[in-house]
Amino acid sequence: MTAGLPETPLQAIRDFLHLLFSVEGLTQLIQWGGLVGLIVIIFAETGLLIGFFLPGDTLLLTAGLLSAATGKPDLGMMLIALSIAAIVGDSTGYLIGKKAGPALYKREDSRFFKQAHLQRAKAFYEHWGGITIGLARFVPVVRTFAPMVAGIAGMNYRRFVMFNIVGGILWIVSMTLVGYFFGQIPFVQKHLEKIILGALMAHVLIIPVVATVMKKIRLRKAH
């Protein structure tokens, strides 16, 4: 890129993806954006349709590792703030589903919306019922669309909130603390980049596995 000239949209997208899906990028993102940046990403992944590709699990693990190694972000503040962001995010997704309703099933695919993702979340919800809101927290892609499907299905809001709060806190606390406690082990500190890279690869590889499971659930329901 020529000095003094603005980045092209394509280059900006590449830079953003580098931040999200590389060891160096994730570390820089957390250090640069701090707690505010983490809050925005967790909210976007759980509450906005465009957030399905965000690596929330890996981000939380990395944040925990960095907190153990450097003291930043502060662990206590992170657990509280990100739990709130996750809960508010799911509530936002529920309201989107409640208001948009069946129209979402007729919406065409776009760069930031895939009908297949919505169908996977629907199959997950139909199979597991209300507990989906808690379980989906630990499943990439599904956690973005599950609260919206609950809204479309007309799930009782009080029941939804109960699963939302419990699931949101469990997800944030478990993932972050795993990273934090592992980050205090000398071996982990020595091989920090390799461990974060492994978590990133696991995040990417689990998505097709989830897609296969959801397809089998739909076929089973059909028969």
Side-chain angles (χ1 to χ4, degrees), residues 12-96 112 133-134 136-147 161 163-185 188-189 191-204:
I13 292 173
R14 286 175 178 170
D15 291 346
F16 180 64
L17 291 176
H18 173 74
L19 282 175
L20 290 175
F21 295 100
S22 71
V23 176
E24 179 187 3
L26 267 181
T27 304
Q28 289 178 351
L29 181 64
I30 295 170
Q31 291 175 336
W32 174 74
L35 186 57
V36 174
L38 288 170
I39 290 171
V40 170
I41 292 174
I42 293 301
F43 172 79
E45 186 180 11
T46 56
L48 304 177
L49 299 180
I50 62 173
F52 67 88
F53 64 91
L54 296 171
D57 296 330
T58 310
L59 195 72
L60 292 173
L61 288 169
T62 305
L65 287 167
L66 290 175
S67 180
T70 67
K72 294 181 181 179
D74 176 76
L75 180 64
M77 287 296 296
M78 186 163 52
L79 292 178
I80 294 171
L82 297 187
S83 292
I84 293 172
I87 292 167
V88 173
D90 258 29
S91 294
T92 302
Y94 176 92
L95 292 175
I96 290 173
F112 297 112
I133 306 306
R137 294 286 191 178
F138 298 89
V139 184
V141 178
V142 174
R143 65 170 153 259
T144 301
F145 291 88
V161 168
F163 285 111
N164 180 19
I165 292 174
V166 173
I169 292 174
L170 281 177
W171 179 52
I172 296 295
V173 171
S174 63
M175 288 294 176
T176 307
L177 288 185
V178 165
Y180 183 82
F181 288 121
F182 269 87
Q184 299 181 59
I185 300 173
V188 174
Q189 293 175 351
H191 301 280
L192 187 61
E193 288 195 1
K194 292 179 181 178
I195 290 171
I196 296 174
L197 180 61
L200 275 170
M201 291 177 64
H203 176 87
V204 173

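All residue numbers refer to positions in the sequence shown, counting from 1.
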Contact check, side chains of Lys72 and Leu66, non-hydrogen atoms, under 4.5 Å = no
remark   = Here the gap from Met78 atom CE to Tyr180 atom OH, rounded to the nearest 0.5 Å, amounts to 9.0 Å
query = Where do Phe182 and Leu61 land on the side-chain contact (heavy atoms from CB on, under 4.5 Å) test, with the steps shown first?
reply = CA-CA 9 Å; Phe182 269 87; Leu61 288 169; over 6 Å; no
ask   = What distance separates Ile169 CD1 from Ser174 OG, expressed to the nearest 0.5 Å?
value = 11.5 Å
ask   = Can you tell me how far the CZ atom of Phe181 sits from the OG1 atom of Thr176, to the nearest 0.5 Å?
value = 11.0 Å
message = Rounded at 0.5 Å granularity, tell me how far CG in Leu59 sits from CD in Glu45.
response = 8.5 Å
task = Quick one: pull up CG in Leu79 and CG in Leu75 and give me the separation to the nearest 0.5 Å.
result = 4.5 Å
query = Taking atom CG of Leu82 and atom CD1 of Ile87, what is their separation to the nearest 0.5 Å?
reply = 11.0 Å
remark   = Closest non-hydrogen atoms of Ile172 and Ala86, given as atom of the first, atom of the second and distance, are CG1-CB, 4.1 Å
key: Side chains of Asp74 and Ser67, donor plus acceptor under 3.5 Å   = no
key: Minimum heavy-atom distance Phe138-Trp171, with the two atoms named   = CZ-CA, 3.6 Å
query = Does the pair Val88 and Phe43 meet the rule for a side-chain contact (heavy atoms from CB on, under 4.5 Å), with working shown?
reply = CA-CA 7 Å; Val88 173; Phe43 172 79; 3.9 Å; yes
Non-hydrogen side-chain atoms of Pro147 and Thr46 separated by less than 4.5 Å = no
request  = Quick one: closest heavy-atom pair of Pro73 and Leu38, and the distance?
outcome  = CG-CD1, 3.8 Å
query = So, Arg143 and Asp57, do they make that salt bridge, N to O below 4.0 Å?
reply = yes
key: Side chains of Ile42 and Leu60 in contact at under 4.5 Å (non-hydrogen atoms)   = yes
request  = List the steps, then state whether side-chain contact (heavy atoms from CB on, under 4.5 Å) holds for Arg137 with Val166.
outcome  = CA-CA 10 Å; Arg137 294 286 191 178; Val166 173; over 6 Å; no
